[in-house]
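Quick notes on the structure that follows.
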Amino acid sequence: MPKLIPDLRKSFIDAARNRIMSAEDHDITIRQVASDCGTAVGTVYNYFPSKEYLMAAVMLDDCAMNAVVSQYISSSGIKRNDVFLSLII
């Protein structure tokens with residue numbers, strides 16, 4: 001079994017997210033993600049068996065971040081509407 005590096009997994013997720021956000025057609029490849037991280041294509045497949053698994057990891061990472069932000073807002077006494085308005089103004 002190949003040696004897995006936790007920070008590299010996160011780097012793949014971040015690179016895929018950046019590709020999704022910047023691509024006009026949102027059609028990204030594992031090759032692009034690997035290149036963005038300076039690794040071989042096979043290294044990405046050590047962490048994610050397919051592009052679909054990588055995309056699912058991006059979505060789960062986003063959900064987790066949203067949960068953390070939501071918890072912070074709830075515990076800080078900041079009104080949710082104030083936060084959302086500040087993001088769109």
Side-chain angles (χ1 to χ4, degrees):
M1 181 166 187
K3 178 182 173 184
L4 300 179
I5 304 165
D7 291 343
L8 189 54
R9 182 180 190 282
K10 179 68 172 144
S11 294
F12 291 141
I13 292 171
D14 292 342
R17 179 184 298 106
N18 291 339
R19 283 276 175 179
I20 292 167
M21 299 301 288
S22 65
E24 290 181 14
D25 59 2
H26 301 291
D27 188 24
I28 66 167
T29 66
I30 293 292
R31 185 173 306 281
Q32 291 170 326
V33 172
S35 176
D36 291 347
C37 293
T39 65
V41 172
T43 304
V44 179
Y45 285 108
N46 288 338
Y47 293 81
F48 305 99
S50 69
K51 183 170 88 170
E52 290 74 21
Y53 276 81
L54 175 57
M55 296 302 105
V58 171
M59 289 186 283
L60 286 172
D61 190 60
D62 287 346
C63 289
M65 181 56 70
N66 288 337
V68 168
V69 170
S70 181
Q71 180 63 33
Y72 172 76
I73 290 169
S74 295
S75 66
S76 67
I78 300 172
K79 295 179 183 174
R80 289 179 190 268
N81 288 342
D82 292 343
V83 173
F84 296 124
L85 286 174
S86 69
L87 294 173
I88 60 173
I89 295 178

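- Counting all heavy atoms, side chain and backbone alike, Val58 lies closest to Ala16 at CG2-CB, 3.8 Å.
- With hydrogens and angles ignored, the 3.5 Å screen pairs no side-chain donor or acceptor of Ser35 with any backbone N or O of Arg31.
- Taking every heavy atom of both residues into account, Ile30 and Val41 meet most closely at CG2-CG1, 3.8 Å.
- With sequence neighbours excluded, the residues that form a salt bridge (charged side-chain N to carboxylate O under 4.0 Å, His left out) with Asp61 are Lys10, Arg17.
- Under a hydrophobic clustering in which Ile, Leu, Val, Met, Phe, Trp and Tyr are joined whenever their side-chain heavy atoms come within less than 4.5 Å, directly or via other members, Leu60 and Tyr53 fall into different clusters.
- The pair Asp27-Arg19 fails the salt-bridge criterion, with no side-chain N (NZ, NE, NH1 or NH2) lying under 4.0 Å from an Asp/Glu carboxylate O.
- Thr43 pairs by the side chain to side chain contact (heavy atoms under 4.5 Å, CB included) definition with Leu8, Phe12, Thr39, Ala40, Tyr47, not counting sequence neighbours.
- With values rounded to the nearest 0.5 angstrom, Leu54 atom CG is found 6.0 Å from Ile28 atom CD1.
- Separating the CD1 atom in Ile20 from the CE atom in Met55 is a distance of 4.5 Å, to the nearest 0.5 Å.
- Within the structure, the salt bridge (charged side-chain N to carboxylate O under 4.0 Å, His left out) test picks out no pair touching residues 38-47 (sequence neighbours left out).
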